[in-house]
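Comments concern the structure below.
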Protein chains: 2
Amino acid sequence: MPPAKRRRVTISDVAALAGVSKGAVSRSFNGAERLPASTVKRIHDAADQLGWRPNAAARAIKGAPAHTIGFVLQRDPDLLGLDPFFPLFLAGLERVLSQNAYSITIRFVSDATEEARCYKDWVAEGRVDAFIVSDLRDDDPRFAMLDDLGSAAVVIGEPPADVHRPSVFHTSDECIEEVLEGWITRGHTRIAHVMGDPNLQHARRRRDVWARVLERHGLSTDALAVGGFTEPGSAEATRELLTAAERPTAIFYANDIMAAAGMRVMSELGLQTGSDVAVFGFDGIPLGPYLSPPLATIACDYIELGSIAGQVLLEELAGRPADPERRTLPARFVERASYGADAAS
Amino acid sequence: MPPAKRRRVTISDVAALAGVSKGAVSRSFNGAERLPASTVKRIHDAADQLGWRPNAAARAIKGAPAHTIGFVLQRDPDLLGLDPFFPLFLAGLERVLSQNAYSITIRFVSDATEEARCYKDWVAEGRVDAFIVSDLRDDDPRFAMLDDLGSAAVVIGEPPADVHRPSVFHTSDECIEEVLEGWITRGHTRIAHVMGDPNLQHARRRRDVWARVLERHGLSTDALAVGGFTEPGSAEATRELLTAAERPTAIFYANDIMAAAGMRVMSELGLQTGSDVAVFGFDGIPLGPYLSPPLATIACDYIELGSIAGQVLLEELAGRPADPERRTLPARFVERASYGADAAS
DNA sequence: CTGAAAGCGCTTACAG
DNA sequence: CTGAAAGCGCTTACAG
């Protein structure tokens with residue numbers, strides 16, 4: 001058992017020890033007013049000696065910001081196990097925010113109702129100053145909700161054109177296009193796509209880019225399967241694609257995890273990834289280079305994404321309008337053996 | 001830009017609308033006192049109508065709990081990308097806590113100094129009621145710190161014998177022993193171990209179990225390499241082991257990610273995982289069954305671990321001493337092709 | 001059963 | 001430059 005809680009040290013104790021008023025102590029901790037350096041030092045010494053810091057709750061009650069950012073995720077917990085986005089983004093975000101004395105509070109919810117309640121409660125209770133809005137959906141209800149609540153937020157992903165909220169996202173369309181074109185140049189004519197969760201905006205977007213490139217070259221877009229961002233889903237989708245009458249010779253997977261699961265199916269079917277079936281994924285998981293064969297991928301920098309999101313949020317909370325409103329990061333292609341032989345070879 | 005913030009709705013507004021005193025509103029939201037059901041309903045209707053909820057800061061200022069749990073992680077952000085523990089544990093923990101109106105606040109720190117400051121600050125500022133202590137280290141300074149702070153906590157991992165704090169952890173010693181014995185039964189005599197970060201308690205523990213089993217059977221424990229829980233580290237360690245004079249025929253990796261990286265090296269060296277070199281890992285990452293060959297592993301249930309940690313914490317905060325003080329979860333072996341042919345075959 | 005009042009630990013105009 | 005005082009939004013003994 002921990003020792004019993006001692007009496008709380010308050011600003012009065014510090015003021016008494018330093019021989020000044022509570023006001024002076026408060027001011028010395030809030031920097032705005034000018035105090036003689038010697039007084040500030042005396043106060044801070046007293047505070048350190050007593051282990052005192054301004055109580056966060058007492059501070060926030062004056063209407064001051066809670067210095068906390070809310071991050072509500074509507075995700076199947078089981079899908080979190082290998083998703084590189086969440087932990088890396090969080091680490092990048094947290095790093096920037098904590099340097100500015102902001103904390104992050106996280107909630108996992110299971111549906112949109114719970115999600116809405118969480119947003120409302122946190123605002124009403126004054127727990128958070130702003131939200132992280134990620135995993136954009138079709139007709140996403142969160143934008144209207146944020147407007148209703150009058151709450152600040154940064155959007156991770158590309159918001160609809162009529163939404164004017166600061167946002168940060170990777171641009172990958174061109175990169176995906178080039179990589180698919182590369183396959184076409186090398187003679188691939190049946191190029192499949194295993195897509196992610198159709199409810200998510202970025203999953204649909206990757207599919208659209210894929211379809212656009214194929215159509216531009218007069219190729220069929222029949223070979224589309226839904227993997228839903230899960231390993232079993234992708235394995236099934238891959239099996240379906242590879243046992244169909246017209247087997248694709250190349251597959252673009254909406255993420256690396258699905259690509260890895262797909263590659264396993266290929267080896268089960270006696271197909272060589274990279275030669276019989278070319279493959280690339282998306283995300284750039286650290287394990288990619290260690291798969292057999294190493295997995296080509298469109299790599300994103302999720303730590304950087306989180307860190308930019310943090311900066312944008314701090315600017316917004318400081319009252320400076322985000323400029324530009326939409327900030328982008330380039331995804332980049334990492335060519336590895338699974339992409340297939342180079343045109344030169 | 002979000003619309004300007006409206007005037008805050010306070011308990012007085014709700015009291016006025018419901019035609020009662022502030023005290024009545026407060027009591028109706030804190031359940032303790034008995035109010036006529038009709039009054040409670042009238043108050044709650046008024047609150048809903050105004051979108052009011054008790055302000056968290058104002059509540060906490062009375063010395064009431066912050067209803068927040070602190071989770072401080074000292075980790076290299078880059079290592080978070082594929083670590084299954086963190087996101088799954090967090091999801092399990094959060095689920096239990098949020099059902100009891102607790103939030104989690106997370107901080108990533110880069111060294112022990114920053115860590116210590118974070119613990120002290122959060123307690124002094126009254127931001128958290130308790131901590132999650134994970135990734136136990138040698139002579140871990142956090143136990144003394146928590147005692148000093150008089151703070152509640154739940155330990156994830158097995159604490160030193162003299163530490164009396166509620167804890168939750170997987171027991172895997174027996175499981176690892178049996179699986180290693182299985183290899184010995186099948187005739188393996190050179191069994192290597194690629195260990196994790198030597199500063200972490202569980203990494204050393206896995207190594208010790210491995211060494212104990214080998215010694216018990218009079219086998220050499222020379223084939224030990226340090227992978228540090230990273231893919232490149234493990235690749236290098238594996239290469240070293242497999243190109244040594246006496247090549248091991250089996251390798252136990254301290255986690256699945258390192259095993260996957262090691263398997264890649266095997267294929268580069270022209271060795272067949274499962275026949276030339278048998279392998280198993282630790283964690284049970286979802287991708288395991290999709291590696292080539294599928295990866296045998298000692299699987300842990302990190303969602304469940306988080307959820308039990310949450311329950312233990314809630315009990316502790318409710319003043320009920322944890323019973324038992326140390327709660328365990330069995331890790332279990334998942335046999336897959338990388339483990340090698342079955343004795344029967 | 002319920003209201004009026006004091007007080008939680010801070011911050012911040014307002015005097016001096 | 002600095003102190004005394006009011007007040008933030010709530011909770012909680014204390015009266016009635």
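Quick note on labels: first sequence line is chain A, next is B, and so on, each numbered from 1.
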Report task. Tell me which nucleotide among D/dC10, D/dG3, D/dC8 gets nearest to the side chain of B/Asn55. Result -> D/dC10
Requested in this report: Encode nucleotides 11-16 of chain D as B, S and - characters from 5' to 3', where the letter depends on protein heavy atoms closer than 4.0 Å: B to the base, S only to sugar-phosphate, - to neither.
Outcome: BBB---
Query raised in the report: Looking at B/Arg127 and B/Asp121, does any basic side-chain N land under 4.0 Å from a carboxylate oxygen?
Result: no
Query raised in the report: How is the base pairing of DNA chain C summarised as a dot-bracket string, given the Watson-Crick and G-U wobble criteria with both distances under 3.5 Å, [ ] for crossing and | for another strand?
Result: |||.||||||||.|||
**Report entry** Aromatic ring proximity, centroids under 6.0 angstrom, B/Phe108 and B/Phe71
**Finding:** no
Query raised in the report: In whole angstroms, how far is the C1' atom of C/dG9 from the CZ atom of B/Arg127?
Result: 15 Å
Query raised in the report: Looking at A/Lys120 and A/Glu115, does any basic side-chain N land under 4.0 Å from a carboxylate oxygen?
Result: no
Requested in this report: Please report the C-alpha distance between A/Gln74 and A/Arg137 in whole Å, then the side-chain angles of each, then the deciding distance to 0.1 Å, and finally whether the side chain to side chain donor-acceptor pair (under 3.5 Å) criterion is met.
Outcome: CA-CA 11 Å; A/Gln74 184 186 329; A/Arg137 311 191 291 266; 3.2 Å; yes
Query - Donor-acceptor pair, side chain of B/Glu315 and main chain of B/Arg320, under 3.5 angstrom - result: no
Query raised in the report: Has B/Thr10 got a side-chain N or O lying under 4.0 Å from the OP1 or OP2 atom of D/dG9?
Result: no
Report task. For B/Ile61 and for B/Val20, find the nucleotide of DNA chain C with the closest heavy atom, then tell me which residue's nucleotide is more 5'. Result -> B/Val20
Report task. Could you tell me whether A/Arg165 and A/Asp147 have a side-chain N and a carboxylate O separated by less than 4.0 Å? Result -> yes
Requested in this report: Using a strict 4.0 Å threshold on nitrogen-to-oxygen distance, state whether B/Lys41 and B/Asp48 make a salt bridge.
Outcome: no
